[in-house]
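Quick caveat: nothing in here was measured; it's all calculated off a predicted structure. Naming: A, B, ... by sequence-line order, numbering from 1 per chain.
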Amino acid sequence: MLLSKLVCERTKEAPQDAKIKSHILLSRAGFIKQVSNGIYTMTMPCQKMSQKIQAIIRQEMDALDGQEVLFPVVMPREIWETSGRYNSIGSEMVRFKDRADRDMLLGMTHEEAAVHLANHIVSSYNQLPFMIYQLQTKFRDEARSRGGLIRVREFTMKDAYSFHSTKEDMEAYYDRMFDAYYRIFRRIGLKRFIDIKSDSGMMGGSVAHEFMLLTEVGEDSIVLCNDCDYRANMEVAEGVINSPANEIKPLELVFTGEDKTIDEVSARLGISQDLTCKAVVFAVKGNSEEIVIAFTRGDLEINEAKLKKVLLKDIVPYDGGANEILACGNIGPVGLDNKIITVFDKSLENINSLVIGANKAEYHYVGFNFKRDLPGVKFVDVSKTRDGDACPVCGGKLRVENGIEIGNIFQLGTKYTKSMDMTVHGADGGEFHPIMGCYGIGVGRAIASIAQESSDDKGLILPMSVAPWQVHICPLRLDDESVKNKAYELYDDLTKAGVDVLFDDRNAAAGVKFNDADLMGMPIRIVVSPKSLATGEVEITVRATKESQKVAYDKALDVVKDIIEEQMQFLKG
RNA sequence: CGGGGUGUAGCGCAGUUUGGUAGCGCGCUUGGUUCGGGACCAAGAGGCCGUGGGUUCGAAUCCCGCCACUCCGACCA
């Protein structure tokens with residue numbers, strides 16, 4: 001590829017709104033151009049990178065006997081109604097009408113399409129197990145897209161769906177997929193990624209794992225143990241919170257005036273925050289009359305994902321209202337309207353003497369003891385795990401890191417085969433619903449992750465396996481005939497030998513060429529110049545290490561091949 | 001959805017407070033000199049100042065509406 005013809009504008013300055021490294025570098029290198037909120041055009045280098053990632057994914061999926069298919073982007077309402085998700089998914093799914101006024105939608109995931117395909121075609125257990133997958137555009141109308149390719153509305157995704165006769169078979173396949181995911185991420189050059197247990201969210205099902213790239217710009221919080229391999233998404237992470245020991249005291253009403261917050265009350269009473277009880281008020285989504293109060297220790301936060309699981313209901317923050325007790329701000333567990341749902345975090349269970357709200361303006365109780373003053377309460381885990389809490393497995397210290405979700409796998413079970421009534425005949429002559437798993441990887445997010453993780457102050461450092469071009473030739477002084485001839489000859493030779501080459505055919509200053517080469521991040525740079533040719537050599541530099549060597553012109557191809565081989569070996573899954 | 005911010009040349013920005021018909025840097029074009037880490041000189045091209053209305057002799061600038069983008073939060077397979 002000739003650089004002068006490449007429709008890809010490199011800039012010195014980052015776009016005004018780009019805040020994170022991957023967004024800044026992919027924009028500056030001209031790999032992406034924004035079209036609208038969360039919608040990008042990928043230029044040729046980015047698209048080539050995407051295709052190389054897709055090729056790796058295909059290899060791994062095919063190795064698991066995957067059958068590549070292509071589901072439609074646009075689907076009719078009906079097949080999404082059979083699963084119940086036409087109504088359960090909110091405005092992130094784009095719905096529209098076609099010319100005949102039929103309800104249509106843009107696919108944001110394809111469980112329904114997968115079952116629709118397999119249903120009736122597959123009618124015997126003899127046809128199980130199988131896996132179908134696709135690489136295709138998804139559209140999700142995110143409430144808030146951000147961060148360049150990290151979180152977008154339109155993106156390419158690999159999604160795979162497997163169907164099995166037994167739970168054991170599905171679990172065994174799930175494990176193989178789990179291993180394939182590790183190979184894929186390693187092969188595309190990611191380094192700091194891990195798997196974590198996750199919440200299965202809108203996909204339904206039980207066991208699920210997310211693959212996370214650990215990076216400070218990640219949107220998810222991940223809890224990891226320093227001493228064992230326990231790790232989980234914040235949404236489901238359990239931490240062991242040890243309650244401070246204090247003496248049992250008599251219950252006593254105390255005046256606290258205008259002080260309402262945990263900070264104010266604990267300061268006024270001279271009692272540490274971990275001996276107070278915090279109340280957080282929610283309303284059930286869609287019914288603002290149905291109020292939920294979650295109690296936890298004053299120094300902790302409520303984890304809404306955990307709370308939803310306990311309640312089996314969707315909740316939203318309570319927005320005030322006419323309730324007198326809630327309005328006074330001093331909410332406590334005693335004497336509440338029994339229509340209010342109360343939930344108590346386990347952190348409160350063993351505290352002998354607590355400060356609680358008195359459900360009365362200007363007053364709190366001190367010396368509250370659950371066993372004595374409100375017997376029969378059940379304690380559950382609804383608090384956010386914090387940095388430094390104890391590991392639920394080994395008791396070691398937990399830490400919290402941020403991560404980008406780069407892939408996920410779910411054990412779906414029969415959620416979709418049941419709701420869409422897919423049955424097959426079993427060996428015993430009966431019928432059963434196949435058991436499913438589903439498995440996703442966002443390709444654009446993988447590109448962003450690579451850019452995020454692999455760069456320096458000059459620009460991108462692309463892994464050999466996914467770089468759009470393996471070699472970037474920078475001829476200096478193209479006005480010099482011998483440079484021009486040798487450089488083009490080298491370009492030809494490398495290309496004929498199957499090497500992917502980007503050739504900077506501009507008659508630009510050395511600095512300009514080097515800076516563009518560094519910014520775009522191809523793994524190998526070759527300089528051909530009057531200076532190097534004087535000794536019959538070219539200069540070969542590895543982008544990642546900055547190591548540079550002078551190589552005889554006719555040895556260049558061999559050296560390039562060796563470097564490619566060496567780097568690909570390193571990236572082997 | 002809530003709260004902030006911004007829209008002026010391909011990109012990054014100034015000009016808006018105090019109205020007088022638009023400027024800087026980068027990039028682009030042409031000619032010349034340079035040339036191994038973003039060269040220099042000279043000459044150019046390029047803008048309905050997001051959009052609709054209003055005030056005014058006159059609006060990028062003041063007023064009202066709308067749109068887009070964006071940041072923080074809510075949400076998020």
Next item on the list: Can you sort out the partners of A:Ala487 under side chain to side chain contact (heavy atoms under 4.5 Å, CB included), two or more places apart, ordered by chain and number?
Entry: A:Pro475, A:Phe503, A:Val528
Next item on the list: Would you please name every residue forming a side chain to side chain donor-acceptor pair (under 3.5 Å) with A:Asn37, sequence neighbours left out?
Entry: A:Ser145
Next item on the list: Look through every strand shown and name the nucleotide pairing with B:A39 as Watson-Crick or G-U wobble, where both distances are under 3.5 Å.
Entry: B:U33
Next item on the list: Please give the nucleotide sitting opposite B:C49 as a Watson-Crick or G-U wobble pair, both distances under 3.5 Å, or none.
Entry: none
Check: Taking the P atom of each, how far is B:C35 from B:U21, in whole Å?
Finding: 46 Å
Item checked: B:G38 and B:G27, which share atom name C1', separated by this distance in whole Å -> 12 Å
Item checked: Which residues share a side chain to side chain contact (heavy atoms under 4.5 Å, CB included) with A:Lys546, sequence neighbours left out -> A:Asp456
Margin query: Using the side chain to side chain donor-acceptor pair (under 3.5 Å) criterion, which residues pair with A:Arg506? Sequence neighbours excluded.
Written below: A:Asp504, A:Asp516
Next item on the list: Only pairs at least two apart or in different chains count here, so list each ring-ring contact (aromatic ring centres under 6.0 Å, His included) that has a residue in residues 24-47 of chain A.
Entry: none
Check: Which whole number of Å gives the distance between the P atom of B:U30 and that of B:G23?
Finding: 25 Å
Between the protein and nucleotides 66-71 of chain B, which nitrogen or oxygen pairs are less than 3.5 angstrom apart?
residue	atom	partner	partner atom	Å
B:C69	OP1	A:Ser36	OG	2.8
B:C69	OP1	A:Asn37	N	3.1
B:C69	O3'	A:Gln34	NE2	3.4
B:U70	OP1	A:Gln34	NE2	2.6
B:U70	O2'	A:Asp17	OD1	3.3

Check: With rounding to whole Å, what would you report as the distance between B:G46 and B:C24 at their P atoms?
Finding: 15 Å
Notebook entry, point to check: With the threshold set at 4.0 Å, does a side-chain nitrogen-carboxylate oxygen contact exist between A:Glu111 and A:Arg85?
Noted result: yes
Notebook entry, point to check: Under the side chain to side chain donor-acceptor pair (under 3.5 Å) test, which residues partner A:Ser91, sequence neighbours left out?
Noted result: none
Margin query: Return a single string for nucleotides 25-39 of chain B, one symbol per nucleotide in 5' to 3' order, where B is base contact, S is sugar-phosphate-only contact and - is none, cutoff 4.0 angstrom on heavy atoms.
Written below: B---------BBBBS
Margin query: My understanding is that only residues two or more places apart in sequence, or in another chain, count here; which of them pass side chain to side chain donor-acceptor pair (under 3.5 Å) with A:Arg445?
Written below: none
